[in-house]
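Structure first, then comments.
Only a predicted model underlies this, so the values are computations on that prediction, with no experimental measurement involved.
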Amino acid sequence: MRIKKIVGLFATVFLLGSVPINAQDNQDETYFHTRELPDLLKWLPAPPDSTGEAFVHDVMRYMWGKSQRLDSIRASIALRDAIWNLDTTINEFSEVFGLKISKEETPEIYTLLTRGVRTCDKIGGKAKRYYQRRRPFMVMNEHMLSTWEEEGLRTNGSYPSGHTIRGWSLTLLMTEINPEAADTLLARGMMYGDSRVIVGAHWQSDVDAGRLAASAAVIRLHTSPAFLEQMAKAQAEFRRLRRK
């Protein structure tokens, strides 16, 4: 019996450790609980149905995404953007941000970004579960470019795009820290969302909804005194390091 309890505890710890960041709700790692974020079901339009003009646009954008796979450079960026790891995404954005970001070398910026993005990550889960929209690769019965994602995404709703929520919220936060790099950061943020169309993980309307959701989450962040305090620290750290 004691052995069974130990095995059960080990399994629980393992499973918790494997839960995606956006499924966790640890207030120590975020600025708000999920229930404190804007409710997408109350204001975000429902995804297009399969008979309307908007869905035709989704299909046309899916075909555009497939054409982008022929560009090896763009395809490689889309594959890197598919990796669901916050440190990896921050590293991808660091070049256009203008500073290498790490927990050791830029602790205030790193704290602001990781805690802020993890908060924004949580805004999309309720809508995903409610709509359970089927993803493009499922509807088209074709493989994604990022084939390793397929199994996990089959049971994960497509609307809104969680990757886009993450990428766009990171974009907005980085832009606030370094407004001089706004144009390049915003361009990279748009590219990050488009990557989800290119790999076949999302419809364009999923990506568009993800950007709206992320914007709403970032607005909510600005009502948190702890967030505003950390943002000031991150901006001061950035100015100090840039002077060097």
Side-chain angles (χ1 to χ4, degrees), residues 22 38 40 44-45 47-48 54-99 101 109 112-113 116-121 123-124 127-128 133 135-137 144-146 149 153 158-221:
N22 67 330
L40 301 184
L44 189 69
F55 185 68
V56 174
H57 179 64
D58 273 344
V59 173
M60 294 300 294
R61 288 292 290 173
Y62 175 77
M63 300 307 295
W64 167 85
K66 288 183 66 177
S67 73
Q68 294 301 298
R69 301 178 193 178
L70 301 176
D71 182 335
S72 60
I73 294 176
R74 185 63 183 93
S76 67
I77 293 172
L79 288 171
R80 295 201 305 271
D81 287 347
I83 299 171
W84 185 259
N85 179 279
L86 186 50
D87 284 346
T88 299
T89 306
I90 289 173
N91 185 63
E92 282 291 324
F93 279 66
S94 288
E95 183 175 354
V96 292
F97 177 69
L99 193 67
I101 301 170
I109 295 173
L112 184 282
L113 294 178
V117 171
R118 284 170 179 161
T119 304
C120 296
D121 274 345
I123 196 172
K128 277 179 170 290
R133 190 184 193 190
R135 293 172 182 268
F137 76 94
M144 295 173 57
L145 180 62
S146 50
E149 293 189 274
L153 294 184
S158 188
Y159 186 89
S161 165
H163 273 76
T164 303
I165 290 173
R166 168 167 289 190
W168 196 244
S169 60
L170 180 63
T171 297
L172 296 179
L173 295 175
M174 282 186 162
T175 300
E176 191 166 350
I177 298 170
N178 181 15
E180 292 182 1
D183 289 339
T184 50
L185 281 167
L186 291 166
R188 183 64 180 93
M190 292 293 288
M191 179 182 288
Y192 187 88
D194 289 345
S195 289
R196 302 309 287 161
V197 176
I198 292 172
V199 299
H202 284 287
W203 304 105
Q204 183 64 51
S205 54
D206 302 335
V207 172
D208 295 341
R211 290 173 182 142
L212 287 173
S215 299
V218 170
I219 290 172
R220 181 67 169 115
L221 286 178

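- Looking only at side-chain heavy atoms (C-beta outward), Leu99 and Asn178 stay at 4.5 Å or farther from each other.
- To the nearest 0.5 angstrom, His163 atom NE2 is 4.5 Å from Tyr192 atom OH.
- Taking every heavy atom of both residues into account, Ala216 and Pro38 meet most closely at O-CG, 4.0 Å.
- Ile165 and Ala214 get closest at one heavy-atom pair: O-CB, 3.5 Å.
- Within the model, atoms CG of Asp208 and CH2 of Trp203 stand 13.5 Å from one another, a figure rounded to the nearest 0.5 Å.
- Put simply, OG on Ser94 and CE on Met174 are 5.0 Å apart, with the number rounded to the nearest 0.5 Å.
- One finds the CD1 atom of Ile177 at 4.5 Å from the CZ atom of Phe97 (value rounded to the nearest 0.5 Å).
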If you apply the rule side-chain contact (heavy atoms from CB on, under 4.5 Å), what do you find for Asp206 with Thr164, and how did you get there?
CA-CA 8 Å; Asp206 302 335; Thr164 303; over 6 Å; no
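- Summarising the geometry of Arg135 relative to Ala201, their closest heavy-atom pair is NH1-O, 3.0 Å, with the distance given to 0.1 Å.
- Between the CD1 atom of Ile77 and the CE atom of Met191 there is a distance of 5.0 Å, given to the nearest 0.5 Å.
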Under the side-chain contact (heavy atoms from CB on, under 4.5 Å) criterion, do Leu186 and Trp168 qualify, and how do the steps go?
CA-CA 8 Å; Leu186 291 166; Trp168 196 244; 3.7 Å; yes
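- For the side chain to side chain donor-acceptor pair (under 3.5 Å) with Asp81, the lone residue among Ser146, Ser195, Ser76 that qualifies is Ser195.
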For Trp84 and Glu149, what are the C-alpha separation, side-chain angles and deciding distance, and is it a side-chain contact (heavy atoms from CB on, under 4.5 Å)?
CA-CA 10 Å; Trp84 185 259; Glu149 293 189 274; over 6 Å; no
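- In terms of heavy atoms, Gly124 sits closest to Leu40 at CA-CD1, 3.9 Å.
- Contact check on Asp121 versus Lys128 returns no salt bridge, with no Lys/Arg side-chain nitrogen under 4.0 Å from an Asp/Glu carboxylate oxygen.
- Closest heavy-atom contact between Leu173 and Val218: CD2-CG1, 4.4 Å.
- By the side-chain hydrogen bond (donor to acceptor under 3.5 Å, both in side chains) test, Thr171 pairs with no residue at all, sequence neighbours left out.
- For Gly193 against Val207, the heavy-atom pair with the smallest separation is O-CG2, 3.5 Å.
- Looking at Arg220, its side chain never comes within 3.5 Å of a backbone N or O of Cys120 through a donor-acceptor pair.
- With values rounded to the nearest 0.5 angstrom, Asp194 atom CG is found 12.5 Å from His202 atom NE2.
- Under the 4.0 Å criterion applied to side-chain N and carboxylate O atoms, Asp58 and Arg133 are assigned as salt-bridge partners.
- Counting heavy atoms of neighbouring residues, nucleotides and ligands inside a 6.0 Å radius, atom CD1 of Ile73 does not exceed 12 of them.
- Between Arg188 and Glu92 there is a salt bridge, with a side-chain nitrogen of the basic residue lying less than 4.0 Å from a carboxylate oxygen of the acidic one.
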Trace of the side-chain contact (heavy atoms from CB on, under 4.5 Å) decision for Ile198 with Arg74
CA-CA 9 Å; Ile198 292 172; Arg74 185 63 183 93; 3.5 Å; yes
